[in-house]
**Q** 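Have a look at the structure that comes next, please.
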Amino acid sequence: MNVLLTGASGFIGRNVAAVLARAGHHVRPLSRRHGADASRMLTPADWLAHLDGIDAVVNCIGIIGETRTQHFAPLHTLAPIALFRACAAKGVRRVVQVSGIGTDERAFSAYHLSKRAADDFLRALDVDWIVLRPSLVYGAGGGSAAFFMRLARLPLIPVVGDGRQPIQPVHVSDVAAAALCGLTAAGKQTIDVAGPETITFSEWLQRLREAQGLPRARLLRMPFAATLALSYLGSCLSPMMRPDNMRVLNAAATFQADTQPLTRLLGREPIPFAPQLLFADAMSRRKPS
């Protein structure tokens, strides 16, 4: 297939591009690094020329936090909706939307609500669609993974509350594989893309610590109110520390995923965690030399 891949220079986008190319698809990448700013492509007319000769679209546009130049509404909602409308007008029948876990009736953060708006619009279109909702994605080159690796190196690891928020980390290779399978899977489907194991957030940080050759560390348990207050200061250091992200982590118990639909899509179980996968991308799954 000829595939338009948006968000192609991001963590997930780069891995999806590599997996699609390996499978023999011709990838047409679109991102700011490729000369196109999706935040300014807010009408179907802005997308039509990019869809010439295209058989399918994979949308990987996404940011974890807003900046001075990047905002949720244009990137997560307005640009994707314009793209989806252009696909319908152009006759592009297959659309794979990479969203996020929790972008459903449970959504409350600006991130989740902006993603959900595009997801809902796509579901109402007369195209073959699949919405993928990844959990916490890890692997080589991931911004959030790198942030948590740094956090895990602290001699006293700060956690929200008791740190027992459940998470289902998924390796980026499974996200990329799901996007690949989405090109030919029977539409229309919404699938949570999560790892096979549910662990606590504190245990996740301990595993990241051990993967870096460090012994397990004591936890600094912080009340949610204190964490939220500090996040307003810490947000200038990392988008991961934005208040909304703290609220999402605190509500993690409501974002648990059923992995059976993903297993059916992939034709196998999701990849279980192994320390070396933290340093692997979708093509290698091994620590680079």
Side-chain angles (χ1 to χ4, degrees), residues 10-16 18-19 58 60 62 64 96-104 106-107 111-112 115 130-149 151-152 157 159-160 163-182 185 189-212 216 240 245 248-287:
F11 172 47
I12 291 177
R14 295 193 306 271
N15 282 275
V16 170
V19 167
V58 180
C60 292
I64 194 62
V96 178
Q97 158 80 337
V98 179
S99 186
I101 198 165
T103 55
D104 51 24
R106 301 166 293 180
Y111 170 90
H112 286 89
K115 281 283 192 180
I130 183 166
V131 175
L132 302 175
R133 303 191 299 204
S135 180
L136 175 65
V137 183
Y138 68 94
S144 61
F147 170 80
F148 289 128
M149 292 282 275
L151 185 65
I157 304 176
V159 294
V160 180
R164 297 188 61 81
Q165 298 87 0
I167 58 173
Q168 295 169 274
V170 61
H171 191 255
V172 67
S173 59
D174 274 346
V175 182
L180 172 63
C181 293
Q189 302 183 66
T190 298
I191 297 177
D192 288 340
V193 183
E197 182 184 13
T198 299
I199 62 174
T200 64
F201 180 66
S202 61
E203 177 59 26
W204 175 240
L205 293 176
Q206 296 286 13
R207 290 187 183 186
L208 299 186
R209 185 176 175 84
E210 291 172 344
Q212 297 174 87
R216 295 173 73 89
M240 291 301 301
N245 290 335
V248 169
L249 176 60
N250 196 54
T254 66
F255 295 111
Q256 295 306 287
D258 176 6
T259 60
Q260 287 306 305
L262 176 62
T263 296
R264 290 192 292 269
L265 177 69
L266 298 179
R268 59 168 174 79
E269 295 283 340
I271 300 168
F273 172 79
Q276 64 268 24
L277 291 177
L278 291 164
F279 310 99
D281 60 20
M283 299 296 289
S284 64
R285 294 192 194 170
R286 65 180 182 273
K287 185 173 182 178

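All heavy atoms count here, side chains included; hydrogens, waters and symmetry mates do not. The first residue of the sequence shown is numbered 1, and numbering continues consecutively from there.
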**Q** Of all the heavy-atom pairs spanning P270 and D174, show the shortest one and how long it is.
**A**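 Scanning both residues, the minimum pair turns out to be CA-OD2, 3.3 Å.
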**Q** Of all heavy-atom pairs between P166 and Q256, which one has the smallest distance, and what is that distance?
**A**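 Residues P166 and Q256, closest heavy atoms: O-NE2, 3.2 Å.
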**Q** Search all heavy atoms of A282 against all heavy atoms of V172 and return the closest pair with its distance.
**A**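 Closest approach of A282 to V172, heavy atoms only: N-CG1, 4.0 Å.
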**Q** Report yes if some heavy atom in the side chain of I199 is under 4.5 Å from a heavy atom in the side chain of I167; otherwise report no.
**A**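 Yes, close enough: below the 4.5 Å cut-off.
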**Q** What I'd like to find out is whether the side chain of F201 reaches to under 4.5 Å of the side chain of V160, using heavy atoms alone.
**A**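 Heavy-atom side-chain distance check fails, nothing below 4.5 Å.
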**Q** How many angstroms lie between atom CD of Q260 and atom CD1 of I191, to the nearest 0.5 angstrom?
**A**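 It is 11.5 Å, given to the nearest 0.5 Å.
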**Q** Under a 4.5 Å cut-off applied to non-hydrogen side-chain atoms, are F148 and L136 in contact?
**A**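 Touching, per the 4.5 Å side-chain cut-off.
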**Q** Can you find a heavy atom in the side chain of L266 that is under 4.5 Å from one in the side chain of C181?
**A**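 Yes, their side chains come closer than 4.5 Å.
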**Q** Do the side chain of Q168 and the main chain of A257 share a donor and acceptor less than 3.5 angstrom apart?
**A**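 Indeed, once roles are kept as given, a pair shorter than 3.5 Å links the two residues.
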**Q** Does any part of the side chain of Q165, heavy atoms only, come nearer than 4.5 Å to the side chain of V159, both counted from C-beta?
**A**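 Result no, sub-4.5 Å side-chain heavy-atom pair not found.
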**Q** Roughly how far apart are L205 CG and R216 CZ, rounded to 0.5 Å?
**A**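 One gets 10.5 Å once the value is rounded to the nearest 0.5 Å.
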**Q** How many angstroms lie between CG in D192 and OG in S99, if you round to the nearest 0.5 Å?
**A**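 If we round to the nearest 0.5 Å, D192:CG and S99:OG are 9.5 Å apart.
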**Q** What are the two closest heavy atoms between I12 and C60, and how far apart are they?
**A**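 Taking I12 first and C60 second, the nearest heavy atoms are CG2-SG, 4.1 Å.
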**Q** Where do V137 and S144 come nearest, in terms of heavy atoms and distance?
**A**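 Taking every non-hydrogen atom into account, O-OG, 3.8 Å.
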**Q** For Q212, give me all partners under side chain to side chain donor-acceptor pair (under 3.5 Å), at least two apart in sequence or on another chain.
**A**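 Once residues adjacent in sequence are excluded, the partners of Q212 under the side chain to side chain donor-acceptor pair (under 3.5 Å) criterion are R153.
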**Q** Between T200 and E203, is there a donor-acceptor pair closer than 3.5 Å when you use the side chain of the first and the backbone of the second?
**A**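 Judged by distance alone, yes, a pair lies under 3.5 Å.
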**Q** Side-chain contact, heavy-atom cut-off 4.5 Å: D104 with R133?
**A**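 Yes. Closest side-chain heavy atoms under 4.5 Å.
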**Q** Is V175 close to L132 at the side-chain level, that is, under 4.5 Å between some pair of heavy atoms?
**A**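 They are not in contact (no side-chain heavy atoms under 4.5 Å apart), so the answer is no.
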**Q** Tell me if a side-chain donor or acceptor on T103 pairs with a main-chain N or O of K115 at a distance below 3.5 Å.
**A**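 Flag not set: sc T103 to bb K115 has no pair under 3.5 Å.
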**Q** Can you confirm whether or not the ring centre of F273 sits under 6.0 Å from the ring centre of Y138?
**A**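 Aromatic pair counts; centres sit under 6.0 Å.
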**Q** Nearest heavy-atom pair of L265 and G182: which atoms, and what distance?
**A**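 Result for this residue pair: CD1-N, 4.4 Å.
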**Q** For the pair T263 (side chain) and T259 (backbone), establish whether a donor and an acceptor sit closer than 3.5 Å, ignoring hydrogens and angles.
**A**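 Pair found, side chain donor or acceptor close to backbone of T259.
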**Q** Could you tell me whether the side chain of H171 and the main chain of I271 form a donor-acceptor pair under 3.5 Å?
**A**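 No, because the side chain of H171 does not come within donor-acceptor range (under 3.5 Å) of the backbone of I271.
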